[in-house]
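This report refers to the structure that appears directly beneath it.
Just so we're on the same page: letters track the sequence lines, and every chain starts at 1.
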There are 2 protein chains.
Amino acid sequence: MTDDLMTIGQMCDKFDVTPRTLRFYEAKELIFPIREGQKRLFTKRDRARLKLILQGKRFGFSLEEIRQLLNLYDLGDQQTTQLTKTYELAQERLQVMEEQRDELNEAIDDLKEQLTWFETELSHRGVKLAAE
Amino acid sequence: MTDDLMTIGQMCDKFDVTPRTLRFYEAKELIFPIREGQKRLFTKRDRARLKLILQGKRFGFSLEEIRQLLNLYDLGDQQTTQLTKTYELAQERLQVMEEQRDELNEAIDDLKEQLTWFETELSHRGVKLAAE
DNA sequence: GTTATCCTTTACGTCAACGTAAGGTTTACG
DNA sequence: CGTAAACCTTACGTTGACGTAAAGGATAAC
């Protein structure tokens, strides 16, 4: 039975972040570890949120943007008004992400084309490339 | 015959950036506007590079990462060694971008699922959503 | 000629996202 | 008992990517 609760050190190992980062995220109300005396204990929920946080960061979202989106993934019994707002926000975010994906695909295609061009250029110069 | 050369103001209008940003990018050697007296004049090359810069930023790359990638898109007559390094760098970058795209697709799917869940939840509460 | 617009440089300010250092507490081991 | 490991808080520092303010030159319009 894995304990469900993890210390800050264990979290750092698991997610490859520093303690400072976790404390910082707590201060910014992105995660809510419980306390045993002074010490923080991170729940499954915290881990799920952290995973989403790190994911969001890789997509270039700010912590504040991420914080708002997180409400989407664990709604308690909030006001319906609040829910609706979150819903709309998530829709906008989805659209942004889809646009980003499309643009990313284009950029990937461009880059690939450029790489092919490069390869011929290099081979003209007699450079042998390592087979990938 | 559109002039090929643009002033900083025209650039700002075209790309929706501030003069400060363009001067900053020049200082960081991302673009190389020529000078007419004091004034900067931006070439087609600068515009191509700027476009890539802004694109890269949206994908979460740092200016320094972008700067290195830019060499890929306008190679002069550099050393072959340098070319090969650029090539390898670009391949790594391509891989990162593809991973990012895949991860993005997953995140999009997750988010969509969450949104569907949300819709049923909201409709249970008798909320009418605007048709998109 | 002066007023306005557009450009310039220099330099200090700012904001996000942490890093890092200093000093204090709790638990575990020899 | 001491000390080492892992945690804590407080607080100042840093880096990237610009913003913003001050002071001034060049040109066009009135």
Side-chain angles (χ1 to χ4, degrees), chain A residues 2-43 46-47 49-70 89 93 96 100, chain B residues 2-43 46-47 49-70 89 93 96 100:
Chain A
T2 152
D3 209 300
D4 190 37
L5 294 180
M6 291 177 62
T7 70
I8 203 170
Q10 295 171 326
M11 291 291 285
C12 292
D13 289 350
K14 188 171 164 74
F15 291 98
D16 193 31
V17 294
T18 69
R20 177 66 173 106
T21 299
L22 293 177
R23 297 192 190 110
F24 183 77
Y25 289 169
E26 184 191 15
K28 292 280 170 171
E29 301 190 290
L30 291 163
I31 51 183
F32 309 94
I34 56 178
R35 295 304 179 104
E36 185 192 47
Q38 283 266 69
K39 301 189 176 175
R40 291 169 177 82
L41 290 176
F42 297 80
T43 68
D46 290 318
R47 290 193 287 282
R49 293 174 72 94
L50 181 54
K51 189 177 166 188
L52 286 168
I53 293 166
L54 298 177
Q55 194 175 76
K57 284 203 59 184
R58 282 193 293 278
F59 303 152
F61 291 114
S62 75
L63 290 185
E64 177 51 28
E65 288 173 316
I66 292 170
R67 198 182 62 76
Q68 291 172 30
L69 250 193
L70 278 177
L89 203 150
R93 215 49 63 83
V96 171
Q100 194 167 340
Chain B
T2 151
D3 208 301
D4 189 37
L5 294 180
M6 292 176 61
T7 70
I8 202 168
Q10 294 171 325
M11 289 291 283
C12 291
D13 288 349
K14 185 171 167 70
F15 291 97
D16 193 31
V17 294
T18 68
R20 177 66 174 110
T21 299
L22 294 177
R23 297 192 188 110
F24 183 77
Y25 290 168
E26 184 190 16
K28 293 278 169 172
E29 301 190 288
L30 291 162
I31 50 182
F32 310 93
I34 57 179
R35 296 302 180 106
E36 185 190 50
Q38 283 269 68
K39 299 188 179 179
R40 290 168 178 82
L41 290 177
F42 296 81
T43 68
D46 291 317
R47 289 194 287 282
R49 293 174 72 93
L50 182 55
K51 189 177 166 188
L52 286 168
I53 294 167
L54 299 178
Q55 196 177 74
K57 285 204 56 183
R58 283 193 292 278
F59 302 153
F61 292 112
S62 75
L63 290 185
E64 178 52 28
E65 289 173 315
I66 292 169
R67 197 183 61 77
Q68 292 172 29
L69 250 192
L70 278 177
L89 203 151
R93 215 49 63 84
V96 171
Q100 194 168 341

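In plain terms, the two heavy atoms of B/Ile8 and B/Phe42 that are nearest each other are CA-CE1, 3.7 Å. Closest approach of B/Leu70 to B/Leu30, counting heavy atoms only: CD1-O, 3.8 Å.
With a 4.5 Å cut-off on side-chain heavy atoms, B/Thr7 and B/Lys39 do not count as touching. At least one side-chain heavy atom of B/Gln55 sits under 4.5 Å from a side-chain heavy atom of B/Leu52. Between A/Arg23 and A/Thr18 there is no side-chain heavy-atom pair separated by less than 4.5 Å. Using a 4.5 Å heavy-atom threshold, the side chains of B/Asp46 and B/Leu22 count as separate.
When rounded to the nearest whole Å, the span between CG of A/Leu50 and P of C/dA17 equals 15 Å. With rounding to whole Å, A/Arg40 atom CZ is found 15 Å from C/dT26 atom C1'. Note: CD (A/Gln38) to P (D/dC8) measures 8 Å, nearest angstrom. The distance between atom CG of B/Leu30 and atom P of D/dG16, rounded to the nearest whole Å, is 13 Å. The interatomic distance linking A/Leu41 (CG) with C/dT27 (C1') rounds to 14 Å, in whole Å. Atom P of nucleotide C/dT10 and atom CD of B/Glu26 are separated by 12 Å, given to the nearest angstrom. Spacing between atom CD of B/Glu36 and atom P of D/dG25 amounts to 19 Å, rounded to whole angstrom units.
Residue-level contact check: B/Arg23 touches the bases, meaning some heavy atom is under 4.0 Å from a base atom. Nucleic acid contact for B/Lys57: sugar-phosphate only, since backbone atoms but no base atoms lie under 4.0 Å from a heavy atom of the residue.
Between the A/Arg47 side chain and the A/Asp4 main chain, a donor and an acceptor come within less than 3.5 Å of each other. A donor-acceptor distance shorter than 3.5 angstrom exists from the side chain of B/Gln100 to the backbone of B/Phe59, with no hydrogens or angles considered.
Taking every side-chain heavy atom of B/Arg20 into account, C/dA11 is the closest of C/dA11, D/dA17, D/dA11.
Distances shown here put a side-chain N or O of A/Tyr25 below 4.0 Å from the OP1 or OP2 atom of C/dC18. Considering only side-chain N and O atoms, A/Thr18 lies nowhere under 4.0 angstrom from the phosphate OP1 or OP2 of C/dC18. In this model, the phosphate group of C/dG19 is approached by a side-chain N or O of A/Thr21 to a distance below 4.0 Å at OP1 or OP2.
A salt bridge between B/Glu64 and B/Arg67 is present, with a side-chain N of the basic residue lying under 4.0 Å from a carboxylate O of the acidic one.
Listed by residue number, the members of residues 8-16 of chain B with any heavy atom below 4.0 angstrom from DNA chain C are B/Ile8, B/Gly9. Within residues 59-69 of chain A, the residues approached by DNA chain C to less than 4.0 Å at the level of any non-hydrogen atom are A/Ser62, A/Leu63, in residue-number order.
Mapping A/Lys39 and A/Phe24 onto DNA chain C by nearest heavy atom places A/Phe24 closer to the 5' end of the strand.
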